[in-house]
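Labels below follow one simple rule: chain letters A, B, ... track the order of the sequence lines, proteins then strands, and each chain is numbered from 1. Being a predicted model, the structure only gives us computed values, none of them experimental.
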Amino acid sequence: MRLSKYFLPTLKENPAEAQIPSHTLMLRAGMIRQSASGIYSWLPLGLRVLRKIEQIVREEQDKAGAQELLMPTIQPADLWIESGRHDAYGPELLRIKDRHSRDLLYGPTNEEMITDIFRNGVKSYKELPSILYHIQWKFRDEVRPRFGVMRGREFLMKDSYSFDLDYEGAKRSYNKMFVAYLRTFARMGLKAIPMRAETGPIGGDLSHEFIVLAETGESQVYCHKDYLTMEIPSDDVSYEDDLEPIFEKWTSLYAATEDKYVKEEADVVGNDLISARGIEVGQTFYFGKKYSEPMNVNVTDKEGKKVALEMGSYGIGVSRLFGAIIEASHDDSGIIWPDSVAPFKVGLINLKSGSDDTDKACDDIYAALINAGVEVLYDDRKERAGVKFNNMDLIGLPWQLVIGPRGLANGVVEIKRRATGEKTEMSIEAAIAKLTA
RNA sequence: CGGGGCGUAGCUCAGCCUGGUAGAGCGCUUGCUUUGGGAGCAUGAUGUCGUUGGUUCGAAUCCAGUCGCCCCGACCA
């Protein structure tokens with residue numbers, strides 16, 4: 001992509017409404033714009049990142065055996081009346097009437113709808129277990145939206161739902177999602193720690209919040225410091241194997257949110273206890289028959305008897321992750337995108353646009369990288385060098401490839417690694433080889 | 001929902017107290033000079049001062065209402 005043609009409205013100064021780094025940087029880097037309190041538009045550069053985060057979530061869900069579907073944002077109120085949550089959910093539920101005065105709502109979550117779909121589609125225990133998920137926009141009419149996309153009213157969430165015949169099966173499903181979550185967040189360069197959590201209105205007795213430690217987090221959390229260095233399940237983890245050992249290991253040390261914090265328990269950890277702020281990026285729930293019994297989600301078991309299913313649900317805040325990653329990875333100059341979610345891998349900087357030699361060199365390099373399948377943002381604008389350097393640092397692409405007349409005269413270009421600031425001079429061929437490796 | 005703050009140019013903000021023809025910096029236009037970390041000089045354009053009403057000869061400025069945004073708290077799959 002040529003920057004001269006790319007819609008990238010960056011800001012030189014900090015917008016007044018933003019209070020935390022991720023919000024400020026997302027606005028300054030031209031990734032989002034606010035439409036209303038807690039509601040945002042995603043501009044081209046921001047959307048690229050959102051899609052990458054979403055894709056990592058998707059890949060890990062698929063690996064764990066979950067199947068993707070897509071449910072609508074608008075739901076009929078009937079289902080929610082049936083589950084009892086139409087009243088219970090309160091004013092956070094955005095209620096809508098259509099032209100026929102039918103009651104609808106903008107979904108804040110999808111337990112009712114997935115339950116309805118599943119109960120109509122499954123009749124026998126032989127079709128279990130099953131985990132279904134979708135990645136869809138949600139709306140919760142928060143009393144106080146804040147911190148940009150960290151607590152928005154409209155937000156993108158991945159929600160999975162598991163259906164099993166008995167508790168043992170449900171626990172296996174829970175473990176699959178638990179392991180998938182560990183891997184998902186790690187792939188984005190985040191250290192997310194599973195912590196015992198309240199189940200809230202969802203109910204049930206087994207739940208973990210996955211928390212990324214960050215100064216600007218909304219939750220107070222406590223955990224053993226060894227979580228920060230604990231080994232993440234590898235690429236070749238088999239979801240058909242018993243995952244309980246991994247679950248045990250990752251829940252063996254103390255880790256709790258403020259709600260579950262008990263001083264006497266925490267004190268046992270002693271000097272290894274970390275007390276910090278955290279961002280909740282995911283939560284897992286096992287809630288048994290809470291929905292399946294009232295909503296008649298049954299199958300026929302081996303003995304021919306009707307059995308209500310054991311269910312769990314598992315959420316990841318995709319748009320919130322966007323903010324969490326920036327909170328975890330930025331400096332005074334701007335964002336530092338982890339390679340896995342960067343909007344482009346390489347920022348190609350032409351230090352003297354309009355000059356034949358640098359233009360030609362850049363055009364050639366740009367073509368070579370594109371042909372090799374590398375995502376490149378080419379700053380071909382007629383701007384001063386300083387403007388280009390600062391802009392590139394701000395948007396935080398992992399690699400900068402700097403082409404200037406001075407270097408070309410010596411047959412070299414410069415590669416800068418955004419994360420470390422390390423700069424290396426090398427030949428054009430070597431640079432292309434390095435970036436396409 | 002309680003408490004506080006703020007709405008003036010695309011952005012950051014001054015002006016308001018003490019009413020009298022709308023301002024600065026950055027950005028944008030045009031030209032010249034510059035050109036390896038947010039250039040210099042010159043030039044030009046840009047506003048229902050959030051909105052409605054009131055007071056006044058006269059309101060960005062004073063008063064009342066209203067809408068929006070932000071922060072603290074409560075709340076939070």
| query | Which is true for A/Arg153 with a 4.0 Å heavy-atom rule: it touches a base, it touches only sugar-phosphate, or it touches nothing? | reply | nothing
| Of the listed nucleotides B/rG36, B/rC69, B/rG38, the one nearest the side chain of A/Val387 | B/rG38
| query | Base, sugar-phosphate alone, or nothing: which one does A/Ala18 contact when heavy atoms must sit under 4.0 Å apart? | reply | nothing
| message | Regarding A/Lys158, tell me which of base, sugar-phosphate or nothing describes its non-hydrogen contacts under 4.0 Å with the strands shown. | response | nothing
| Roughly how many Å is it from CG in A/Leu408 to P in B/rG36, rounded to a whole number? | 15 Å
| task | Measure from CD on A/Glu13 to C1' on B/rC13 and round the result to the nearest Å. | result | 9 Å
| Selected nucleotide, minimal atom distance to A/Asp393 side chain, candidates B/rG36, B/rC75, B/rG37 | B/rG37
| task | Remember a base hit wins even if backbone is also touched, and classify A/Gly404 as base, sugar-phosphate or nothing at under 4.0 Å, heavy atoms. | result | base
| query | Between B/rC76, B/rG38, B/rA74, which one does the side chain of A/Leu394 approach most closely? | reply | B/rG38
| request: Indicate whether the side chain of A/Asp259 and that of A/Thr257 have a donor and an acceptor atom separated by less than 3.5 Å. | output: no
| query | Just checking A/Glu142: base, sugar-phosphate only, or nothing, at a heavy-atom cut-off of under 4.0 Å? | reply | nothing
| query | Would you say A/Arg144 reaches B/rC72's phosphate, i.e. side-chain N/O to OP1/OP2 under 4.0 Å? | reply | yes
| query | Reckon A/Lys423 touches a base, only the sugar-phosphate, or nothing at all at heavy-atom distances under 4.0 Å? | reply | base
| field | Given B/rG36, B/rC70, B/rC69, the nucleotide with the shortest approach to the side chain of A/Arg406 | value | B/rG36
| said: Among B/rC26, B/rC71, B/rG36, which nucleotide has an atom closest to any side-chain atom of A/Lys12? | reply: B/rC26
| Could A/Lys52 and A/Phe322 be counted as a cation-pi pair, given that NZ or CZ must be under 6.0 Å from the ring centre and within 45° of the axis? | no
| request: Could you measure between the two P atoms, the one in B/rU51 and the one in B/rA22, and give it in whole Å? | output: 15 Å
| request: From the options A/Asp363, A/Asn350, A/Asp380, select the one residue that forms a side chain to side chain donor-acceptor pair (under 3.5 Å) with A/Thr358. | output: A/Asn350
| query | For A/Ser37 and B/rG68, is the shortest distance between a side-chain N/O and OP1 or OP2 below 4.0 Å? | reply | no
| request: Assign A/Tyr314 to base, sugar-phosphate, or nothing according to its heavy-atom contacts below 4.0 angstrom with the strands shown. | output: nothing
| query | Under 4.0 angstrom, heavy atoms only, what part of the nucleic acid is A/Asn14 near: base, sugar-phosphate, or nothing? | reply | sugar-phosphate
| query | Just checking A/Gln34: base, sugar-phosphate only, or nothing, at a heavy-atom cut-off of under 4.0 Å? | reply | sugar-phosphate
| said: What contact category does A/Gly407 fall into here, base, sugar-phosphate, or nothing, at under 4.0 angstrom with non-hydrogen atoms? | reply: base
| field | A/Gly315 versus A/Tyr181, closest heavy-atom pair with distance | value | N-OH, 3.1 Å
| query | What heavy-atom pair brings A/Glu280 and A/Arg320 nearest, and what distance separates the two atoms? | reply | O-NH1, 2.8 Å
| message | So A/Tyr89, base contact, sugar-phosphate only, or nothing? Heavy-atom distance under 4.0 Å. | response | sugar-phosphate
| A/Phe147 side chain, from C-beta outward: closest of B/rC71, B/rU12, B/rG38 | B/rC71
| query | With sugar-phosphate meaning primed atoms plus P, OP1 and OP2, does A/Glu280 contact a base, only sugar-phosphate, or nothing at under 4.0 Å between heavy atoms? | reply | nothing
| Aromatic contact, A/Tyr161 with A/His134 (centres under 6.0 Å) | no
| query | Considering only the P atoms, how many Å lie between B/rC67 and B/rU52, rounded to the nearest integer? | reply | 15 Å
| field | Side chain of A/Arg384 (C-beta onward), nearest among B/rC69, B/rU34, B/rG36 | value | B/rU34
| query | Heavy atoms under 4.0 Å, any strand shown: does A/Pro15 hit a base, just sugar-phosphate, or nothing? | reply | sugar-phosphate
| Which whole-number value in Å describes the distance from A/Lys260 NZ to B/rC76 P? | 15 Å
